[in-house]
There are 2 protein chains.
Amino acid sequence: MAEIGDEPDELCHFTGGRYNAFLEACPTRQLLDELGNKWSCLVLVALSWGPMRHGELRRGLGGVSQKMLTQTLRTLERDGLITRTVTPSVPVRVDYELTPLGADLRAVVQQIKVWAEANMGAVAEARSTYDSAVA
Amino acid sequence: MAEIGDEPDELCHFTGGRYNAFLEACPTRQLLDELGNKWSCLVLVALSWGPMRHGELRRGLGGVSQKMLTQTLRTLERDGLITRTVTPSVPVRVDYELTPLGADLRAVVQQIKVWAEANMGAVAEARSTYDSAVA
DNA sequence: CGGTATCCATTCTGATACTG
DNA sequence: CAGTATCAGAATGGATACCG
């Protein structure tokens, strides 16, 4: 009988050196949580167009504060998903760019963004139906 | 010149009735936030194997509390991503199942889970490199 | 079994002010 | 321009107890 954890593909069991996000202790959970941060996915997608400065990103991501942007960038850098390049001019210039690993992940998370934008209408409709049924 | 918001594909600008998650006021942000919840993605993927009961999901998702599972399922139901079917037996039986819309999204978020499980090793390595460089 | 209600700790987020 | 520090409020998550 099929159970959760028996995935159709072979990338599944925590045993044997592999990862399985269904298991509580699996470090994969940390990665999933991080992508759940408010800005991580948007930053990755924003960097699709090549290296970008702090200020550019800030203007591109509506509503992000400087603090949260810096924090998000640091975490992504620590995880090897983006690089941070400092040019010691005056004033200093800092560019962020996707690493190959980050570019790979970007392709995946962009699908989420595209899906959300494409299906937001259907979701909004489902919500109003649900809400009126409850009332 | 390319700017954030000028996406390579055509699903981009908020203007003209379309959605763009880069904009603060875009409702797409709500969807992204929801997928960022700790359990939403895992629930969607777990339902890949067909209808599942509350208890089955609870056992399958390591560490989820009853409250959070119920809350997550409610939200997904409200958004039209899953259905909730009550069989009035004693004790009552409740099954959850992906809607076509939810199955569509599941395919996308599963890629995230697969990516995370496949690349967790590289990320962990990057982290330790970063941490030792800081020290 | 599935769900609700309450309380509480932790985390996340953002506004503000300040440094090089 | 990029970043840090601090503080306060909001949101999230979870333990517990109870209901149909």
Side-chain angles (χ1 to χ4, degrees), chain A residues 4 21-22 24-25 29-43 46-47 51-79 82-97 130 133-134, chain B residues 4 21 23-25 29-43 46-47 51-79 82-97 130 133-134:
Chain A
I4 294 177
F22 285 131
E24 186 171 13
R29 286 279 180 93
Q30 301 169 12
L31 245 172
L32 255 28
D33 282 351
E34 183 185 321
L35 293 178
N37 289 336
K38 198 169 180 178
W39 306 105
S40 298
C41 290
L42 290 176
V43 167
L47 290 175
M52 211 162 276
R53 304 182 60 175
H54 182 103
E56 292 178 287
L57 284 167
R58 187 145 152 63
R59 283 186 296 277
L61 307 185
V64 70
S65 67
Q66 188 179 49
K67 172 188 165 183
M68 293 315 299
L69 181 55
T70 297
Q71 186 174 302
T72 301
L73 290 168
R74 281 288 181 289
T75 307
L76 293 174
E77 184 194 3
R78 176 171 182 259
D79 284 351
I82 65 174
T83 56
R84 177 173 180 272
T85 308
V86 180
T87 306
S89 51
V90 180
V92 68
R93 174 191 178 97
V94 182
D95 287 279
Y96 295 93
E97 185 172 14
Y130 181 92
V134 170
Chain B
I4 294 178
L23 300 176
E24 186 171 13
R29 287 278 180 94
Q30 300 168 12
L31 244 173
L32 256 29
D33 282 350
E34 183 186 322
L35 293 177
N37 288 336
K38 197 168 179 177
W39 304 107
S40 298
C41 290
L42 289 176
V43 167
L47 290 175
M52 210 163 277
R53 303 181 61 173
H54 181 103
E56 292 179 287
L57 284 168
R58 187 143 152 63
R59 283 185 296 276
L61 307 186
V64 70
S65 67
Q66 187 178 50
K67 172 188 165 183
M68 292 317 299
L69 181 55
T70 298
Q71 186 174 302
T72 301
L73 290 167
R74 282 286 182 288
T75 307
L76 293 175
E77 184 195 2
R78 177 170 181 259
D79 284 351
I82 64 174
T83 56
R84 177 173 180 271
T85 308
V86 180
T87 306
S89 52
V90 179
V92 67
R93 176 193 177 97
V94 182
D95 287 280
Y96 295 94
E97 186 173 13
Y130 181 92
V134 171

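Computed from heavy atoms alone, side chains included, the values below leave out hydrogens, waters and symmetry copies.
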Query raised in the report: Could you walk me through whether L32(A) and L42(B) pass the side chain to side chain contact (heavy atoms under 4.5 Å, CB included) check?
Result: CA-CA 10 Å; L32(A) 255 28; L42(B) 289 176; 4.3 Å; yes

**Report entry** Integer-rounded Å distance: dT13(C) P and L73(A) CG
**Finding:** 14 Å

Query raised in the report: Rounding to a whole Å, what distance do you find between M68(B):CE and dA15(D):C1'?
Result: 13 Å

Report task. Ignoring backbone atoms, test whether R53(A) places a side-chain nitrogen or oxygen under 4.0 Å from the OP1 or OP2 oxygen of dC1(D). Result -> no

Report task. May I ask you to verify if any side-chain N or O of Y96(B) is less than 4.0 angstrom from the OP1 or OP2 atom of dG3(C)? Result -> yes

Query raised in the report: Between L32(A) (CG) and dG13(D) (P), how many Å, whole number?
Result: 13 Å

Query raised in the report: To the nearest angstrom, how far is R58(A) atom CZ from dT13(C) atom C1'?
Result: 13 Å

Query - Evaluation steps, side chain to side chain contact (heavy atoms under 4.5 Å, CB included), between D95(A) and M52(A) - result: CA-CA 5 Å; D95(A) 287 279; M52(A) 211 162 276; 6.0 Å; no

Report task. Measure the shortest side-chain to side-chain distance between E56(B) and Y96(B) over non-hydrogen atoms and say whether it is less than 4.5 angstrom. Result -> no

Query raised in the report: Taking atom P of dT11(C) as reference, at what distance in whole Å does atom CD of E34(A) sit?
Result: 16 Å

Query raised in the report: With a 4.0 Å cut-off on heavy atoms, is Q71(B) in touch with a base, just the backbone sugar-phosphate, or nothing at all?
Result: nothing

Query raised in the report: When we call it a touch if two heavy atoms are under 4.0 Å apart, what does R93(B) touch: a base, just sugar-phosphate, or nothing?
Result: nothing

**Report entry** Interatomic distance, N37(A) CG vs dA11(D) C1' [rounded to whole Å]
**Finding:** 13 Å

Report task. Ignoring backbone atoms, test whether R74(B) places a side-chain nitrogen or oxygen under 4.0 Å from the OP1 or OP2 oxygen of dT4(C). Result -> yes

Requested in this report: Walk me through it: do H54(A) and T70(A) pass the test side chain to side chain contact (heavy atoms under 4.5 Å, CB included)?
Outcome: CA-CA 8 Å; H54(A) 182 103; T70(A) 297; 3.2 Å; yes

Query raised in the report: Counting any heavy atom closer than 4.0 Å, what does R84(B) reach on the DNA or RNA strands: base, sugar-phosphate only, or nothing?
Result: sugar-phosphate

Requested in this report: State, to 0.1 Å, how close R58(A) and V64(A) come at their nearest heavy-atom pair, and which atoms those are.
Outcome: NH1-O, 2.7 Å

Query raised in the report: Could you state the CD-P distance from Q30(A) to dC12(C), rounded to the nearest angstrom?
Result: 12 Å

Query raised in the report: D95(B) has an atom CG; how far is it from atom P of dG3(C), in whole Å?
Result: 10 Å

Report summary line: The answer to which of Q66(A) and G36(A) contacts DNA chain C further toward the 5' end, by nearest nucleotide, is G36(A)

Query raised in the report: Which of the following nucleotides, dG13(D), dT13(C), dG3(D), is nearest to the side chain of V94(A)?
Result: dG3(D)

